[in-house]
Visitor: 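Can you read through this structure? Questions will come right after.
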Amino acid sequence: QVQVIESGGGLVQAGASLRLSCTASGRTLSLYAVGWFRQAPGAEREFVAAINWNGSSTYYADSVKGRFTISRDNAKNTVDLLLNNLKPDDTAVYYCAADNRPYLSGTYRYYSESDTYNYWGQGTQVTVSS
């Protein structure tokens with residue numbers, strides 16, 4: 001059974017930074033693309049960032065471009081999302097999701113669609129106070 005696990009959320013002030021981490025049990029993440037999504041209260045889930053299987057390509061939503069950085073360490077089976085210069089609008093539950101097709105490098109459209117991903121974590125709360 002594959003389980004995706006996020007960690008690293010918390011309560012911070014505007015302008016602060018957080019690092020979210022994603023790992024998986026039951027299988028390695030190293031062959032698969034991984035995406036981060038978020039969902040604010042009363043809003044739909046939205047794409048944040050994604051990284052292809054070997055880290056050679058990254059994709060970001062316009063709202064986080066230049067502030068968030070996605071990276072992966074396949075040796076450690078982790079994908080991190082560094083959140084810099086946080087704003088109150090970044091407050092949401094952040095979800096990590098993994099694709100099920102190995103060695104795939106797709107497009108922004110492919111990685112920004114939640115249907116692309118087969119495995120989802122339970123989410124980690126990020127709260128940014130003003």
Side-chain angles (χ1 to χ4, degrees):
Q1 182 178 359
V2 179
Q3 190 173 10
V4 175
I5 304 161
E6 306 97 337
S7 62
L11 170 63
V12 297
Q13 291 188 327
S17 298
L18 278 175
R19 181 181 292 274
L20 308 184
S21 189
C22 174
T23 190
S25 64
R27 79 164 196 185
T28 178
L29 287 177
S30 65
L31 305 180
Y32 307 96
V34 171
W36 284 93
F37 290 74
R38 68 185 181 186
Q39 187 167 20
E44 294 186 356
R45 185 167 56 191
E46 64 174 2
F47 170 73
V48 176
I51 189 167
N52 73 333
W53 71 277
N54 65 359
S56 62
S57 297
T58 56
Y59 308 85
Y60 297 94
D62 287 343
S63 58
V64 307
K65 199 173 294 183
R67 299 188 299 123
F68 292 8
T69 303
I70 190 169
S71 62
R72 67 189 306 153
D73 186 335
N74 283 344
K76 295 181 179 178
N77 200 35
T78 58
V79 174
D80 287 354
L81 184 67
L82 177 61
L83 290 62
N84 287 327
N85 190 22
L86 281 161
K87 305 175 181 180
D89 284 350
D90 295 319
T91 295
V93 178
Y94 283 71
Y95 297 92
C96 177
D99 195 356
N100 197 36
R101 282 144 287 203
Y103 306 115
L104 189 64
S105 289
T107 63
Y108 176 91
R109 182 174 180 176
Y110 176 81
Y111 289 121
S112 65
E113 296 283 345
S114 58
D115 289 346
T116 291
Y117 303 92
N118 302 91
Y119 303 105
W120 291 80
Q122 293 297 310
T124 185
Q125 177 71 47
V126 172
T127 304
V128 185
S129 63
S130 58

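Residue numbers run from 1 in the order of the sequence given. This structure is a prediction, so every number in the text was calculated from the model and none was measured.
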Visitor: Does any N or O in the side chain of Gln13 come within less than 3.5 Å of the main-chain N or O of Ser129, such that one atom is a donor and the other an acceptor?
Guide: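 Flag not set: sc Gln13 to bb Ser129 has no pair under 3.5 Å.
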Visitor: So does Asn52 get a backbone contact from the side chain of Arg72, meaning a donor-acceptor N/O pair under 3.5 Å?
Guide: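 Present.
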Visitor: Looking at Asn54, is its backbone amide N or carbonyl O close enough to the side chain of Asn74 to form a donor-acceptor pair, meaning the two atoms are under 3.5 Å apart?
Guide: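 Judged by distance alone, no pair lies under 3.5 Å.
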Visitor: Between Tyr110 (side chain) and Thr116 (backbone), is there a donor-acceptor pair under 3.5 Å?
Guide: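 No; zero donor-acceptor contacts below 3.5 Å.
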Visitor: Does Glu6 offer a backbone N or O that forms a donor-acceptor pair with the side chain of Gln122 under 3.5 Å?
Guide: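 No.
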Visitor: Looking only at atom types and distance, does a side-chain atom of Thr23 sit under 3.5 Å from a main-chain N or O of Ile5, one as donor and one as acceptor?
Guide: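 Checking the backbone N and O of Ile5 against the side chain of Thr23, no donor-acceptor pair under 3.5 Å is found.
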Visitor: What I want to find out is whether Asp90 reaches Lys87 closely enough, with some N-O distance under 4.0 Å, to be called a salt bridge.
Guide: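 No, Asp90 and Lys87 are not salt-bridged.
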Visitor: Please determine which of Tyr94, Tyr95, Trp120 meets the ring-ring contact (aromatic ring centres under 6.0 Å, His included) test together with Phe37.
Guide: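 Among the candidates, only Trp120 passes.
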Visitor: Below 4.5 Å, heavy atoms only, C-beta onward: do Thr124 and Val93 meet side chain to side chain?
Guide: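 A side-chain contact is absent here, since even the closest heavy-atom pair is not under 4.5 Å.
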Visitor: How about Asn100 and Arg27: do any of their side-chain heavy atoms sit closer than 4.5 Å?
Guide: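 Yes, at least one pair of side-chain atoms sits under 4.5 Å.
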Visitor: Got a donor-acceptor contact below 3.5 angstrom from the Thr91 side chain to the Val128 backbone?
Guide: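 Looks like yes, one N/O pair under 3.5 Å.
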Visitor: Can you label the angle between the Tyr108 ring and the Phe47 ring as parallel, tilted or perpendicular, going by 30° and 60°?
Guide: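 Geometry flag for Phe47 against Tyr108: perpendicular rings.
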